[in-house]
Amino acid sequence: MAKKNIFTDAFGTPYFLKRLIIFILGLVSYRRFNGFNKLKITGTEHLVDLPDSNVLFVCNHQTYFADVAAMYHAFCAVNNGYLDTIKNPIYLLNPKIDFYYVAAEETMNKGILPKIFKIAGAVTVKRTWRAEGQNVNRMVDLTEVDNIMKALDNGWVATFPQGTTSAFAQGRRGTAKLVKNQRPIVIPIKINGFRRAFDKKGLRVKVTGVKPTMEFKAPLDIDYDNEKAPEILLKIMTAIEQTEDFNVLHNYDEELKAKKLEQKDSDN
């Protein structure tokens, strides 16, 4: 597989261009996370001693771009010795440049700004289950899988196992299969409040005064030799708190339904 060098990343993008884009986008987005809203970051001590490659971050998804932008701020801050804070944006002068994120191809090709985000480190994939707002059923493009593995071989990668911003959507088996085959260090990220603070794209501040949270958890303990993909997926979805056990509204609805049935039985 291709390797990075002192001038370009694993996909041939010049580092000077990535540094420039991360710096500019970081400055533009900074007040969104430490001004209009106050992003609270925890658990970055888990990032300090990680290797430079084969690290996979798995995260729940709330907006198209704000989630990733916040990760860039957190990773750049840690890269410069700042833990659990993004209060000093000087870290943007020395960014974490070997960081990639998995994104839907159709999302990254709509408009100039997404294409700029793409240069910063997107590894694009075509959804196998949905395209242009319609349900589809197509085969996985193995070239895209190779690209994700290439990114892992050369840096850190963030992916969103649900492949959608809908809360508590089911996780996609492809993530677990990738983990099983590549055997990366898997770091779960749990975010909250992004959906309330920003619009769906994550480009516009919807509400101010919100305190979004981004929690980095300890690496998952995975038995790569004995655990199967479904078990790994369940472990991932539990770590990012996206199983039905964490769905408070779902539990409330079920309890309400049970109470109504109980009341009906007692009336009869």
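Quick note: residue numbers are just sequence positions, from 1.
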Quiz item: Do Phe198 and Phe33 have ring centres separated by under 6.0 Å?
Solution: yes
Quiz item: To the nearest 0.5 Å, what is the distance between OH (Tyr101) and OG1 (Thr124)?
Solution: 10.0 Å
Quiz prompt | Phe11-Tyr100 aromatic ring centre distance below 6.0 Å | solution = yes
Self-check item: Gap separating the CZ atom of Arg32 from the CZ atom of Arg204, nearest 0.5 angstrom
Solution: 10.0 Å
Self-check item: Glu106/Lys126 ion pair, N-O < 4.0 Å
Solution: no
Quiz prompt | Among Asp67, Thr159, Thr164, side-chain hydrogen bond (donor to acceptor under 3.5 Å, both in side chains) partner for His61 | solution = Asp67
Quiz item: Checking salt bridge (Lys or Arg N to Asp or Glu O under 4.0 Å) for the pair Lys110/Glu105: CA distance, chi angles, key distance, verdict?
Solution: CA-CA 9 Å; Lys110 290 181 178 178; Glu105 184 179 83; over 6 Å; no
Exercise. Drop me the distance from Leu93's CG to Asn80's CG, to the nearest 0.5 angstrom.
Key: 8.5 Å
Quiz item: Shortest non-hydrogen contact from Lys4 to Asn154?
Solution: N-OD1, 3.1 Å
Quiz item: Would Thr143 and Asp146 count as having a side-chain donor-acceptor pair, cut-off 3.5 Å?
Solution: no
Quiz item: From Phe57 CZ over to His46 NE2, what is the distance, rounded to the nearest 0.5 angstrom?
Solution: 11.0 Å
Practice problem: List the steps, then state whether side chain to side chain contact (heavy atoms under 4.5 Å, CB included) holds for Thr238 with Phe246. | Solution: CA-CA 8 Å; Thr238 301; Phe246 293 97; 4.2 Å; yes
Self-check item: Spacing of CG belonging to Asp9 relative to CG belonging to Leu17, to within rounding of 0.5 Å
Solution: 9.5 Å
Practice problem: With the side chain counted from C-beta on, respond yes when Asn192 and Gln62 share a heavy-atom pair under 4.5 Å apart, and no when they do not. | Solution: yes
Self-check item: Lys206 atom NZ, over 12 foreign heavy atoms within 6.0 Å
Solution: yes
Quiz prompt | Rounded distance (nearest 0.5 Å) linking atom NZ of Lys177 with atom NZ of Lys228 | solution = 13.5 Å
Quiz item: Any chance the side chains of Tyr15 and Asn5 put a donor and an acceptor closer than 3.5 Å?
Solution: no
Self-check item: Pair Glu144 + Lys150, salt bridge at N-O below 4.0 Å
Solution: no
Quiz item: Is it true that the side chains of Tyr82 and Asn88 contain a donor and an acceptor less than 3.5 Å apart?
Solution: yes
Quiz prompt | Any Gln182 side-chain heavy atom under 4.5 Å of Met149 side chain | solution = yes
Quiz item: With a 4.5 Å limit on heavy-atom distance, are the side chains of Asn79 and Pro95 in contact?
Solution: no
Practice problem: Verify the distance criterion only: is there a donor paired with an acceptor across the side chains of Asn226 and Glu231 at less than 3.5 Å? | Solution: no
Exercise. Check whether Leu220 and Leu234 end up in the same hydrophobic cluster, where Ile, Leu, Val, Met, Phe, Trp and Tyr are linked by side-chain heavy atoms less than 4.5 Å apart.
Key: no
Quiz item: Can Gln170 and Gln162 be counted as having a side-chain donor-acceptor contact under 3.5 angstrom?
Solution: no
Quiz prompt | Residues Arg183 and Asp225 bridged, charged N to O under 4.0 Å | solution = yes
Exercise. Might you work through the side chain to side chain contact (heavy atoms under 4.5 Å, CB included) test for Thr42 and Phe216, ending with a clear yes or no?
Key: CA-CA 6 Å; Thr42 57; Phe216 294 89; over 6 Å; no
